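These numbers were taken from a predicted model, which means no experiment stands behind them. In what follows, every chain begins at residue 1, and chains take the letters A, B, ... in the order their sequences are listed.
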Number of protein chains: 2
Amino acid sequence: MNDKTATAAERPKRTPTAASIKRRQRNQEIKRAAILDAALRTFSHYGLHGASLDQIAQEADVSKTNLLYYFSTKEELYVQVMQELLRVWLLPLSSFSEEQDPFEALGDYLRIKLEFSRDNPEESRLFCMEILQGAPLLLAELQQPLHDRVQAKVAVIQSWIDQGKLKPIEPYHLIFSIWATTQHYADFRVQIEAVAGRTLDDPGFFDETLSNLKTLLLESLRP
Amino acid sequence: MNDKTATAAERPKRTPTAASIKRRQRNQEIKRAAILDAALRTFSHYGLHGASLDQIAQEADVSKTNLLYYFSTKEELYVQVMQELLRVWLLPLSSFSEEQDPFEALGDYLRIKLEFSRDNPEESRLFCMEILQGAPLLLAELQQPLHDRVQAKVAVIQSWIDQGKLKPIEPYHLIFSIWATTQHYADFRVQIEAVAGRTLDDPGFFDETLSNLKTLLLESLRP
DNA sequence: TCTAAGTTAGACCATTTGGTCCAACTTAAC
DNA sequence: GTTAAGTTGGACCAAATGGTCTAACTTAGA
């Protein structure tokens, strides 16, 4: 009747084996990860607008066309980078609980955050940049989970205060202060280096920083 | 002999009066200031690459050509914005001295920095962005004056410690912590708002923040 | 009034860049 | 081997954008 359907029906079908599907998916994942990694580095250094697809493609060692085969637009690539970032970002927030000793728990949290800043400066910078610009992409996804997790931490800190284990303070500001100080050492790295001549990569400076931050932020809370 | 020189010689000279020169300069200054202001707003929101000259020109209510009459390239405009920013930025660092009571002096400094963050969020954001990207433009000019001023503050804090007025601490980290926390409330405004629901523009939140930061950062230093 | 000097804007240009198209190549089912 | 499906890259396109050119307009000295 209709030779379009006829040719379509005649066309021999190919059914890939389960093994080949898996192999292909695995290869795709590896390549996507490489591109995402290159994109993170490039975006965190030059920002969304400052980084070009050519640059990212070159950094990932693929052609621009190939990059666009895996991520169809620049925006999409950026969003995926940010989503992965957000996932990693919220991890350290899952630590302390009410039963722990507050000074041990908060000290650990401070250390984890500072280690995180030292080990993931790119993530830290990109996160900072995004928030600076009003978090056009992150905010919607960030708001709810962040708010909830912080709320939980606030409750824990408040309970420590109620039990008299901690001097009364507004828990929000303690959390903000921990974030602000630890991230500062990553994000303002060049300024720190200009003033102090050292960075967190120097183990001595890392220890000194951690110890000073513990003194400054936590000692004042002893009842 | 040469009609080029002849016509040049014949050309009547105009010698502007002192008053007209002054008037013209004054008008230029006003216009340049308006453009710089628009540029600050735009750059701080979208970054160097994210902000277009069209956008800035529109924000300043002049044509792009006219903007380029006053600042011959985008880079030049950006550099001038950053230079003005740097000047304003270093102002609060000129306050405390050895004779003052350390808690009063540091408390004042904390307040001044927090007020500055509240009143100049654009400057704060742009400064943050520039440092994040490695301060390609600012670093050379920032390094020396910043290092010197911080050095002076470090000396003052150290002398307070030596006099037993302050618990021993590495002065650098105290200064970094004050910067980090106060700037955080401006730069991470959207995050603060997402979590706490309020910003520094709310006077109640401002006072609460200042009081909490004073407790956190300064109480631990009482000998 | 006449016109040099200063100012302004619209048209235009060249480059960058996000993204498309198509042809070639690789893989693996038949 | 044959060929459908998946992958890759070079050529190309269209929009955005930094910057120039030119002509007109304004100001103010002569």
When we call it a touch if two heavy atoms are under 4.0 Å apart, what does [X] touch: a base, just sugar-phosphate, or nothing?
X        : answer
Phe71(A) : nothing
Ala51(B) : sugar-phosphate
Leu68(B) : base

In whole Å, what is the span from the [atom1] atom of [X] to the [atom2] atom of [N]?
X        : N       : atom1 : atom2 : result
Lys74(A) : dG18(C) : NZ    : P     : 4 Å
Leu53(A) : dA14(D) : CG    : P     : 19 Å
Leu67(A) : dG10(D) : CG    : C1'   : 16 Å
His49(A) : dG18(C) : NE2   : P     : 11 Å
Glu75(A) : dG18(C) : CD    : C1'   : 11 Å
Glu76(B) : dT20(D) : CD    : P     : 11 Å
Gln58(A) : dT17(C) : CD    : C1'   : 14 Å
Arg26(A) : dA28(C) : CZ    : P     : 16 Å

Short side-chain N/O contact from [X] to OP1 or OP2 of [N], under 4.0 Å:
X        : N      : result
Tyr69(B) : dT8(C) : no
Gln28(A) : dT7(D) : yes
Asn66(A) : dT7(D) : no

Pairwise 5' ranking along DNA chain C for Ser72(A) and Gly50(A), keeping only the more 5' one: Gly50(A)
Candidates [options] - which lies nearest the side chain of [X]:
X        : options                   : answer
Tyr70(B) : dT8(C), dT8(D), dG19(D)   : dT8(C)
Arg24(A) : dG6(D), dG19(C), dT8(C)   : dG6(D)
Ser52(A) : dG19(D), dT17(D), dG18(C) : dG18(C)

Contact between Gln80(B) and Tyr70(B) at the side-chain level, heavy atoms closer than 4.5 Å - yes or no? no
Can you find an N or O donor on one side and an acceptor on the other, under 3.5 Å apart, linking the side chain of Lys64(A) with the base of dG9(D)? no
Please state whether the base of dG10(D) and the side chain of Thr65(A) form at least one donor-acceptor pair under 3.5 Å? yes
Short question: side chain of Asn120(B), backbone of Phe116(B) - any donor-acceptor pair under 3.5 Å? yes
Can you tell whether the side chains of Arg41(B) and Glu59(B) come within less than 4.0 Å, N to carboxylate O? yes
Roughly how far, to the nearest 0.5 Å, is the CG atom of Leu217(B) from the CG atom of Leu106(B)? 9.5 Å
Are there more than 12 heavy atoms of other residues, nucleotides or ligands under 6.0 Å from atom OH of Tyr78(A)? yes
